[in-house]
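Whatever order the structure lists ligands and atoms in, that order sets their numbers, starting from 1. What you see is a predicted model; the values in this text were computed from it and never measured.
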Amino acid sequence: MEETDQPGQIITIERHILEEQSSFPEATGTLTYLLYDIALVGKIIASKTSRAGLAEILGRTGDTNIQDEQVQKLDRFADATFFRMNDHTGRVAVMASEEHANILPIPEKYPAGKYVLLFDPLDGSSNIDYNISLGTIFSIYRKVSAGRGGLEDCLQKGRQLVAAGYLLYGTSTMLVYSAGLGVNGFTLDPTVGEFLLSHPAIRIPETPQYYSVNQGNEKYWSKGVREYTAWLQGMQPGSHSLSARYVGSLVADFHRTLLAGGVFYYPADSHDPRKPHGKLRLLYEAIPLAFLAEQAGGKGSDGSQDILDIQPQTLHQRIPFFVGSRDLVEQAETFIQKYG
Ligand code: AFP
């Protein structure tokens, strides 16, 4: 038995990341430090979200972001914190945020590093006023361009990911990440301010429990998606009979899907001209979560191909997204192929 597997051992995130680093003999430690930086950003955002009910940060700024959604103050804080904590370290070459139209270059006065950092700083922010879980999603790639880092570095396929993960600000704050060696989850112990390994080697359970979709949009779905949903509900012989759960906060819905088994989907709203490709973003949401799903034995798809094989075209591209237990995601592909 490895030292880290002994019952009663307390594994901090630092220790875990460092131990994983030893599996990569060529590692310089830069990624390790970058992951620490992200864990620290998560603690800072968590300290704010836990006070989100207080008047000082409630309410909207009145501006809209690049997706035409209302920006709330907490989003701004999370976005600025993510950038500021990573702009000067010499580890990152370029960043891109769901909140900004264009890439975020590293200021000239700081050295540019070898990694590319993409983030959705505070996902599910329309839920802030209702005290519902929020999340931060991040992806890390290697810089592929010759310069200090540009658009080309941000538009890489999911197959090129070095690491990805999310922070979930729920009843506890969790950090779940994978650097390609499986998925591990850490829970923040607020009394000591440290993330401790609570969910080692996460695998999506064999038996799925829930399907998760905004069924209010059913009128917009294609026949394939409607038939698939009926199949998930057990309305066809031999099919599953799953319960429905939907928070409307992607990280929370994905986290439950990862731990309980099942499928989350935000399909194309084929009959709604406002959302022909669904709502979720390929770069900031679908790719990192598909990567985590695959690392946990599951899969992510747009309904016809693996999300990780899709070449992103633009920073804010939206995509239909099915993620979770592999067989359920493949069933979605089968239904969509058959009925459209
Ligand atoms: P907000 O950040 O505007 O709350 O959007 C959250 C989100 O992008 C994602 O977290 C949810 O899965 C999805 O939207 C929910 O969208 P619907 O409200 O259309 O179901």
Side-chain angles (χ1 to χ4, degrees), residues 45 48-49 52 57-79 82 97-100 118-139 164-170 174 176 210-221 225 229 244-258 262-290 292-293 300-303 307 315-324 329 332:
I45 298 175
K48 280 280 184 186
T49 58
I57 46 175
L58 258 186
R60 301 179 172 82
T61 61
D63 295 347
T64 51
N65 70 5
I66 182 64
Q67 321 286 350
D68 263 347
E69 296 154 335
Q70 260 198 320
V71 181
Q72 299 193 305
K73 286 182 181 174
L74 207 48
D75 297 39
R76 281 204 166 169
F77 173 82
D79 182 57
F82 223 102
S97 160
E98 194 238 324
E99 297 290 340
H100 296 268
L118 270 51
F119 53 92
D120 182 351
L122 203 63
D123 190 71
S125 51
S126 61
N127 283 322
I128 292 174
D129 290 354
Y130 315 113
N131 200 2
I132 291 173
S133 302
L134 306 167
T136 297
I137 310 173
F138 62 90
S139 316
Y166 58 81
L167 286 128
L168 172 60
Y169 313 107
M174 283 195 72
V176 176
Y210 303 113
Y211 78 96
S212 184
V213 67
N214 183 347
Q215 208 133 3
N217 292 331
E218 185 158 3
K219 56 189 172 294
Y220 301 125
W221 295 345
V225 175
T229 306
R245 293 283 188 281
Y246 190 71
V247 177
S249 206
L250 178 59
V251 175
D253 282 317
F254 178 79
H255 186 67
R256 185 196 53 249
T257 303
L258 192 67
V263 61
F264 167 90
Y265 50 113
Y266 205 116
D269 286 345
S270 313
H271 306 300
D272 179 354
R274 292 166 305 165
K275 286 189 282 168
H277 306 293
K279 181 178 180 191
L280 303 179
R281 297 85 175 163
L282 176 61
L283 281 182
Y284 306 105
E285 294 168 317
I287 287 179
L289 299 187
L292 291 169
S301 168
D302 70 349
I307 289 285
L315 280 180
H316 294 281
Q317 177 176 350
R318 295 181 195 254
I319 191 124
F321 187 38
F322 300 78
V323 70
V329 173

Exercise. Parallel, tilted or perpendicular: which describes the rings of Phe264 and Tyr246, with under 30° parallel and over 60° perpendicular?
Worked result: parallel
Seminar exercise, completed: Counting from 1 in the order shown, the ligand 1 atoms closer than 4.0 Å to a non-hydrogen atom of Tyr246 are 15 (C), 16 (O), 17 (P), 20 (O)
For this session: Enumerate the atoms of ligand 1 whose separation from the nearest heavy atom of Asp123 is less than 4.0 angstrom.
Result: 8 (O), 9 (C), 10 (O)
Exercise. Should you measure from each heavy atom of Tyr266, which atoms of ligand 1 turn up under 4.0 Å away?
Worked result: 16 (O), 17 (P), 19 (O), 20 (O)
Exercise. What atoms of ligand 1 come closer than 4.0 angstrom to any heavy atom of Glu285?
Worked result: 8 (O)
Exercise. Do the non-hydrogen side-chain atoms of Tyr166 and Asp120 ever get within less than 4.5 Å of each other?
Worked result: no
For this session: Using a 4.5 Å cut-off on heavy atoms from C-beta on, say whether the side chain of Leu289 contacts that of Phe321.
Result: yes
Problem set entry | Test log, rule side-chain hydrogen bond (donor to acceptor under 3.5 Å, both in side chains), inputs Asn217 and Tyr266 | CA-CA 9 Å; Asn217 292 331; Tyr266 205 116; 3.2 Å; yes
For this session: May I ask you to check whether Leu122 has an N/O atom sitting below 3.5 Å from an N/O atom of ligand 1?
Result: no
Exercise. Under the 3.5 angstrom rule, does the side chain of Arg245 hit a backbone N or O of Ser212 as a donor-acceptor pair?
Worked result: no
Exercise. Are His100 and Asp79 close enough that a side-chain donor and a side-chain acceptor fall under 3.5 Å?
Worked result: yes
Seminar exercise, completed: Under 4.0 Å from one or more heavy atoms of Leu250, ligand 1 contributes atoms 9 (C), 10 (O), 11 (C), 12 (O)
For this session: Compute the minimum heavy-atom distance from Asp253 to ligand 1 and say whether it is under 4.0 Å.
Result: no
Seminar exercise, completed: ligand 1 atoms nearer than 4.0 angstrom to some heavy atom of Arg281 are 8 (O)
Problem set entry | Polar atom proximity, Phe264 to ligand 1 (N or O, under 3.5 Å) | no
For this session: May I ask you to list the atoms of ligand 1 that are less than 4.0 angstrom from any heavy atom of Gly248?
Result: 6 (C), 10 (O), 11 (C), 15 (C)
For this session: State, yes or no, whether a side-chain contact exists between Ile137 and Glu98 at a heavy-atom distance under 4.5 Å.
Result: no
For this session: Apply the side-chain hydrogen bond (donor to acceptor under 3.5 Å, both in side chains) test between Thr229 and each candidate in Tyr211, Tyr265, Trp221; give the one that qualifies.
Result: Tyr265
Seminar exercise, completed: CD1 of Ile307 to CZ of Phe322, rounded to nearest 0.5 Å, is 9.5 Å
Exercise. Under 3.5 Å between some N or O of ligand 1 and some N or O of Ser249?
Worked result: no
Exercise. Do any N/O atoms on Asn217 end up under 3.5 angstrom from N/O atoms on ligand 1?
Worked result: no
Problem set entry | Nitrogen or oxygen atoms of Asn214 and ligand 1 under 3.5 Å apart | yes
